[in-house]
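Right, one structure below, let's go through it.
Chain letters run A, B, ... following the sequence lines, proteins first, then strands; residues in each count from 1.
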Amino acid sequence: MKKVLACSFVVLLVTFFLTTIASAHTPLCSCYDNGDGTITCEGGFSDGSSAAGVDMTVQDKSGKVLTKGKMNEDSEFNFKKPDGPYKVIFDAGPGHVVEVNGEDITE
Amino acid sequence: MKKFVLLLSLMLVFVLSAPAYAHFQTIYTPDSALSKTGWINFKLVFTHPWEAGHTMDIGKDEKGVNHPPVLFGEKFKEKTKNHLKALKPITFTSLSNKGKAYEAEIRVKGMGDHIFYFMPAPYYEGAEDMYIQQCVKTIINVAGAPTNWAEPVGNPLPVEIVPLVKPYSVWKGMTFRGVVTCGGKPVPNAEIEVSYINHNIKGNAFVVGENMKIVQPNLVPIGINANVNGEFSFTFPKAGWWGFCALGAGGNLKHNGKELSQDAVIWVQVTE
């Protein structure tokens with residue numbers, strides 16, 4: 001019986017740590033207007049890890065995809081500023097998605 | 001008439017007994033945690049923050065000549081930027097006088113930690129017949145991604161306080177820790193004074209109104225000694241901007257033949 005309890009405890013402990021690790025890093029994405037008709041978005045995680053390779057999408061108001069790409073090795077993604085309203089989606093998987101509205105992207 | 005004399009005497013006693021609160025070089029900006037890239041304003045004032053008191057003319061020597069600042073820069077990841085040209089002279093108004101200070105508008109660009117530092121020319125303090133030079137820094141974060149807050153600025157900043165706690169996400173009741181360094185090496189048993197912006201800053205002036213009531217003047221400034229490894233800690237009792245000044249961190253130095261106290265200062269914003 002003691003062994004079962006001990007095993008359960010270990011399993012609980014492992015589960016706890018796994019859960020903690022998964023929730024400890026928050027996805028981050030921040031964009032700015034370069035003032036030359038282009039936008040730069042930077043990405044990362046709150047634990048300081050890189051966002052290289054994360055999927056990036058730029059959509060217009062109706063959800064139509066205007067640009068698609070990935071964060072480069074410096075965790076940056078550059079694109080031409082769309083003429084109308086738009087939003088940027090940083091997609092690092094379920095629970096790790098950040099949306100940035102075009103109107104919040106300033107110099 | 002008698003009443004007037006009494007009032008005058010009382011006022012004189014008050015002024016004479018007002019304690020000499022610590023000198024502090026500020027590198028003030030309203031927010032240390034920014035949500036995105038943008039422009040921010042810094043106020044670089046050499047003052048007595050607890051009581052929003054006497055403000056000194058930055059870089060004034062014993063002859064009354066003002067010398068320009070030595071360093072104003074930003075370290076972001078591996079890169080260092082010189083911002084000396086962004087400094088604009090201002091007159092800062094304290095609750096008791098006006099002093100020569102600087103301000104700067106800086107575009108903080110890029111996600112991560114931006115370490116801003118400032119080193120004025122030594123200031124001659126007549127009351128102590130010595131020079132004071134405070135190397136000050138603060139860390140501004142953009143968009144929450146931690147990068148280089150724990151790293152020292154290093155050369156050319158001779159002395160500094162390196163934080164051991166992420167300095168832009170500290171909350172009331174949390175403990176801050178830091179290391180006092182000189183030339184990259186810890187300063188054992190460094191003597192540290194703690195200050196607080198007790199009257200808010202608006203424009204180029206302090207605004208009357210204590211955030212923390214000082215019920216007895218001898219309760220400030222707060223003093224801490226670092227341990228043999230130059231480390232210290234402090235628990236924040238109140239939200240706002242807190243400053244730590246390691247006195248004479250630069251060791252035995254002289255300027256114009258007089259003693260020079262080269263101090264290391266860091267400012268940390270506490271959230272409630």
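Between the side chain of B:Lys36 and the backbone N or O of A:Asp104 there is at least one donor-acceptor pair closer than 3.5 Å.
Using a 4.5 Å cut-off between heavy atoms, B:Thr37 contacts chain A through both its backbone and its side chain.
Summarising the geometry of A:Phe45 relative to B:Pro146, their closest heavy-atom pair is O-CD, 4.0 Å, with the distance given to 0.1 Å. The shortest heavy-atom contact between A:Glu107 and B:Arg107 is O-NE, 2.9 Å. Pairing each heavy atom of B:Met111 with each of A:Glu42, the nearest pair is N-OE1, 2.7 Å.
Under a cut-off of 6.0 angstrom, the local environment of CD in B:Glu231 is crowded, with over 12 non-hydrogen atoms contributed by other residues, nucleotides or ligands. Counting heavy-atom neighbours within 6.0 Å of A:Asp36 CG, excluding the residue itself, gives a total above 12. Counting non-hydrogen atoms of other residues, nucleotides and ligands closer than 6.0 Å to NZ of A:Lys68 gives a total of 12 or fewer. Atom NZ of B:Lys166 has more than 12 neighbouring heavy atoms from other residues, nucleotides or ligands inside a 6.0 Å radius.
The residue among B:Gly144, B:Gly110, B:Gly38 with the most heavy atom pairs within less than 4.5 Å of chain A is B:Gly110. Chain B forms more heavy-atom pairs under 4.5 Å with one residue of A:Ser75, A:Cys31, A:Gly43, A:Ser49 than with any other, namely A:Gly43. Taking chain A as the reference chain and counting heavy-atom pairs below 4.5 Å, the highest number among B:Ser35, B:Gly112, B:Ala143 is found for B:Ala143. The choice from A:Thr106, A:Asp33, A:Ile105 that makes the most heavy-atom pairs within less than 4.5 Å of chain B is A:Thr106.
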